[in-house]
K.L.:
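Submitted below is the structure of interest, expressed as structure tokens.
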Number of protein chains: 2
Amino acid sequence: MGARRDVFQAIADPTRRAIIGMIAKEPVNVNTIAEQFDVSRQAISLHLKILAECGLLSMKQQGRERICEAKLEKLNEVNEWISQYKQFWNTKLDALDKFLKNNEKLK
Amino acid sequence: MGARRDVFQAIADPTRRAIIGMIAKEPVNVNTIAEQFDVSRQAISLHLKILAECGLLSMKQQGRERICEAKLEKLNEVNEWISQYKQFWNTKLDALDKFLKNNEKLK
DNA sequence: TATAAGAGCAAGTGTTTGCTTGCACAAGTT
DNA sequence: AACTTGTGCAAGCAAACACTTGCTCTTATA
């Protein structure tokens, strides 16, 4: 099977999720990201490559640094897949919610 | 690295996502699931095992059949992780939404 | 200009994954 | 009792993954 380079596969790895968390608020350069982890810079570099390939991240050259910026809207693909199933697990919570709201009115 | 058996990893595989889609509405037995795919029954059986191990699926023995039932509430783990980033990619859409609503009023 | 810092590329390794084929075995059916 | 059906278990395999070390190259800086 050829390399799947989709968002689902990208966020399957905990290190990559941590990277996303790290660059979500502001763009960060490669080495700064790598310093936060125990693994080698090259390992992180590969994770960044994977994230970039699936569109979750974009790189900008800035002098000798490469700045990584998160493209969080790509997560919407996952969000939409999940959404179609939300009704199934939210049913019970919804019922509780309605009950509580109703209870409130009766007071 | 030991086998990660979490929801993120489980839904990374397209076949497993398809299985979830198949059993979401109603429980189905193993062979019926396997028939829907091109791969062997054993391959599907392994996917089911992975889904079961991470809690996305539960098995019930029923005579000689094993019924697979989806535990979609487990997807909430993924949903919550995604949710923390929604604000980042929804900002622009929200702005557009407000603009359109405002435009509507001005008509 | 010499040196340090940021970062890609390549080769090599051990583990995991996705899949297959073959065998076993228990629960229904004839 | 013999046969069919549903399913698991195990061995084996190729590709992918996560990492490492070593080297190179370019851009700053002392």
Side-chain angles (χ1 to χ4, degrees), chain A residues 1-23 26-71 78, chain B residues 1-23 26-71 78:
Chain A
M1 220 119 289
R4 282 175 284 104
R5 261 317 115 86
D6 60 18
V7 189
F8 287 92
Q9 209 263 336
I11 65 168
D13 187 274
T15 304
R16 287 196 286 268
R17 287 202 298 280
I19 290 173
I20 290 171
M22 192 174 300
I23 64 174
E26 49 175 4
V28 185
N29 70 306
V30 177
N31 270 18
T32 307
I33 296 169
E35 281 163 15
Q36 304 295 112
F37 295 89
D38 280 339
V39 298
S40 71
R41 181 174 55 74
Q42 277 71 8
I44 296 299
S45 198
L46 187 70
H47 282 309
L48 293 175
K49 197 179 172 189
I50 289 169
L51 288 170
E53 274 173 15
C54 80
L56 265 169
L57 186 135
S58 73
M59 297 276 210
K60 272 182 222 160
Q61 193 78 32
Q62 204 167 92
R64 66 180 161 185
E65 297 185 6
R66 301 196 96 195
I67 312 297
C68 305
E69 186 175 2
K71 293 284 176 187
V78 182
Chain B
M1 220 122 287
R4 282 176 283 108
R5 262 316 116 83
D6 60 20
V7 189
F8 287 93
Q9 208 263 335
I11 66 167
D13 187 273
T15 305
R16 287 196 286 271
R17 288 201 297 281
I19 290 174
I20 289 171
M22 193 174 299
I23 64 174
E26 48 174 3
V28 185
N29 71 307
V30 177
N31 271 16
T32 307
I33 296 170
E35 280 162 17
Q36 304 294 113
F37 295 89
D38 281 339
V39 298
S40 70
R41 182 176 54 73
Q42 277 71 7
I44 296 299
S45 198
L46 187 70
H47 283 308
L48 293 174
K49 197 179 172 188
I50 289 169
L51 288 170
E53 274 173 15
C54 79
L56 265 169
L57 186 137
S58 74
M59 298 276 210
K60 273 183 221 158
Q61 194 77 33
Q62 204 167 93
R64 65 182 160 183
E65 297 185 7
R66 302 195 95 195
I67 313 295
C68 304
E69 187 175 2
K71 293 285 175 188
V78 181

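Every chain is numbered from 1 and lettered A, B, ... according to where its sequence line falls, protein lines coming before strand lines. We use all heavy atoms of the structure for the numbers below, so side chains are in, but hydrogens, waters and symmetry mates are not.
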K.L.:
Distance-only check: which donor-acceptor pairs under 3.5 Å involve side-chain atoms of residues 43-68 of chain A, not counting sequence neighbours?
P.N.:
| residue | atom | partner | partner atom | Å |
| --- | --- | --- | --- | --- |
| A/H47 | ND1 | A/R16 | NH1 | 3.1 |
| A/E53 | OE1 | A/R5 | NH1 | 2.6 |
| A/K60 | NZ | A/E69 | OE1 | 3.1 |
| A/Q61 | OE1 | A/R66 | NE | 3.1 |
| A/Q61 | NE2 | A/G63 | O | 3.4 |

K.L.:
Return the residues of residues 30-51 of chain B meeting this criterion: a heavy atom under 4.0 Å from some atom of DNA chain D. Order them by number, or give none.
P.N.:
B/V30, B/N31, B/R41, B/Q42, B/S45
K.L.:
Which distance, rounded to the nearest 0.5 Å, do you find between the OG1 of B/T15 and the CZ of B/R17?
P.N.:
9.0 Å
K.L.:
To the nearest Å, give me how far apart CD (A/Q9) and C1' (D/dC17) are.
P.N.:
8 Å
K.L.:
Closest heavy-atom contact between B/F8 and A/I11?
P.N.:
CD2-O, 3.7 Å
K.L.:
For C/dA7, does either OP1 or OP2 sit under 4.0 Å from a side-chain N or O belonging to A/N29?
P.N.:
yes
K.L.:
Pairs in or reaching into residues 28-41 of chain B: which pass side chain to side chain donor-acceptor pair (under 3.5 Å), with residues at least two apart or in two chains?
P.N.:
B/N29-B/T32
K.L.:
Short of 4.0 Å, heavy atom to strand atom, which residues of residues 55-70 of chain A count as contacting DNA chain C?
P.N.:
A/R64, A/E65, A/R66
K.L.:
Rounded to the nearest 0.5 Å, how far apart are NZ of B/K71 and CD1 of B/I23?
P.N.:
10.5 Å
